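Every value quoted in this text rests on a predicted model; they were computed, and no experiment measured them. Whatever order the structure lists them in is the order used to number ligands and atoms, beginning at 1.
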Amino acid sequence: MTKKRIITIDGPSGAGKSTVARLLADSLGFQYLDTGALYRAVALYLRRYGVSEDVTGETLTRLLKGLDTGFSEGRVFINGEDVSEAIRTPEIGHYSSVFSARRPVREFLFAIQRAYPEKYDTVVEGRDMGTVVFPEAWMKFFLDASQQERARRRYLQLVQKGIVVTMEEALKDVQQRDERDSCRELAPLRQARDAVYIDTTSMGIEETIKKMLEFLIGNG
Ligand code: DC
């Protein structure tokens, strides 16, 4: 079987990765994998067991043995239950960042993520796609934006979903997640050396995608 092409998109919370990744995948005819959704699904599952930040590695490993998670037709499931909406709350956003620093969680999701692009060309989006999970990827991008702008986008996203949040809370959430996702020991958020850096602070979605397509054409 010919090797499938993988495009990685990494970057901090609120840099616009999900929207851009989905549209880029559509325009190229690739499938799309949102790995943050998998971390969120794990967090929701663990929270339902009442797990908190100080959980031991043994408990995490034991609980994860009972979890079957993944995508089906663009929806996220945990043990057969569609949790696509339930994982989008600020609380699960917080815990996904907390639990994603833990080795049993990262090891559990590593194999699941690696299995996705086996059959199809895929755009994968997350924090460590280009550095850890798919270091051999065909093309790598790192999307960034100022903290203020990312907080503004996160705020609008939550308000659109009817979730009550202030701009200050959105900014605090972005700052805390930046700190946790970048400073953790395992697979911290980093730009891969061979990734193209794009600052989207003053760029719209269309413009960002156009820029990425230019790089892809230049590369392909
Ligand atoms: O992209 P997101 O906000 O849905 O991701 C939720 C959390 O999951 C994020 O704060 C860090 C973690 N995550 C990760 O550690 N590695 C990934 N590849 C994707 C997400």
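Among all protein heavy atoms, the one lying closest to atom 19 (C) of ligand 1 is Thr35 OG1, 3.5 Å. Protein heavy atom nearest atom 4 (O) of ligand 1, with residue, atom name and distance: Arg40 NE, 2.7 Å. Remark: minimum distance from atom 16 (N) of ligand 1 to any protein heavy atom is reached at Arg106 NH2, 3.1 Å. Closest protein heavy atom to atom 7 (C) of ligand 1: Ser96 OG, 3.3 Å. Closest protein heavy atom to atom 3 (O) of ligand 1: Arg177 NH1, 3.0 Å. If you check which protein heavy atom lies closest to atom 8 (O) of ligand 1, you get Tyr39 CB, 3.4 Å.
Listed by number with element, the atoms of ligand 1 under 4.0 angstrom from any heavy atom of Met129 are 18 (N). Using a 4.0 Å cut-off to heavy atoms of Ser100, the atoms of ligand 1 that qualify are 11 (C), 12 (C), 15 (O). Taking a cut-off of under 4.0 Å to the non-hydrogen atoms of Asp181, the atoms of ligand 1 that pass are 9 (C), 10 (O), 11 (C). Every atom of ligand 1 with a heavy atom of Asp128 under 4.0 Å away is listed here by number and element: 16 (N), 17 (C), 18 (N). Which parts of ligand 1 touch Gly126 is read off a 4.0 Å heavy-atom cut-off, strictly below it: atoms 18 (N), 19 (C).
Around the CZ atom of Phe77, the shell of radius 6.0 Å holds more than 12 heavy atoms that belong to other residues, nucleotides or ligands.
Checked against Arg102 for a side chain to side chain contact (heavy atoms under 4.5 Å, CB included), the options Val42, Leu60, Leu46, Thr61 give a single hit: Leu60. Under the side chain to side chain contact (heavy atoms under 4.5 Å, CB included) test applied with Glu207, the options Lys210, Lys211, Met203 reduce to a single match, Met203.
Between the side chains of Arg127 and Ser13, at least one donor N or O sits under 3.5 Å from an acceptor N or O. For the 3.5 Å distance criterion, the side chains of Thr19 and Arg153 fail to qualify, holding no donor opposite an acceptor. Side chains of Ser100 and Arg180: a donor-acceptor N/O pair is absent below 3.5 angstrom, by distance only.
At under 3.5 Å, not a single nitrogen or oxygen of Asp34, backbone or side chain, sits near a nitrogen or oxygen of ligand 1. Ligand 1 has an N or O atom lying under 3.5 Å from an N or O atom of Arg184, backbone or side chain.
Side-chain contacts under 4.5 Å among hydrophobic residues (ILVMFWY), followed directly or transitively, place Leu156 together with Tyr155, Leu158, Val159, Ile163, Val165, Met167.
Evaluated by nearest non-hydrogen atom to atom 1 (O) of ligand 1, the leading choice among Lys17, Arg127, Gln113 is Arg127.
Within the 4.0 Å heavy-atom criterion, both parts of Ser97, backbone and side chain, lie near ligand 1. Under 4.0 Å from ligand 1, not a single heavy atom of Gln176 appears.
At a threshold of 4.0 Å, the pair Arg114-Glu136 counts as salt-bridged, since one of the basic side-chain nitrogens sits closer than that to a carboxylate oxygen.
Taking the six-membered ring for Trp and thresholds of 30 and 60 degrees, Phe215 and Phe141 have ring planes more than 60 degrees apart, a perpendicular arrangement.
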Fill in: Check against side-chain contact (heavy atoms from CB on, under 4.5 Å), Thr59 and Tyr49
CA-CA 11 Å; Thr59 302; Tyr49 278 97; over 6 Å; no

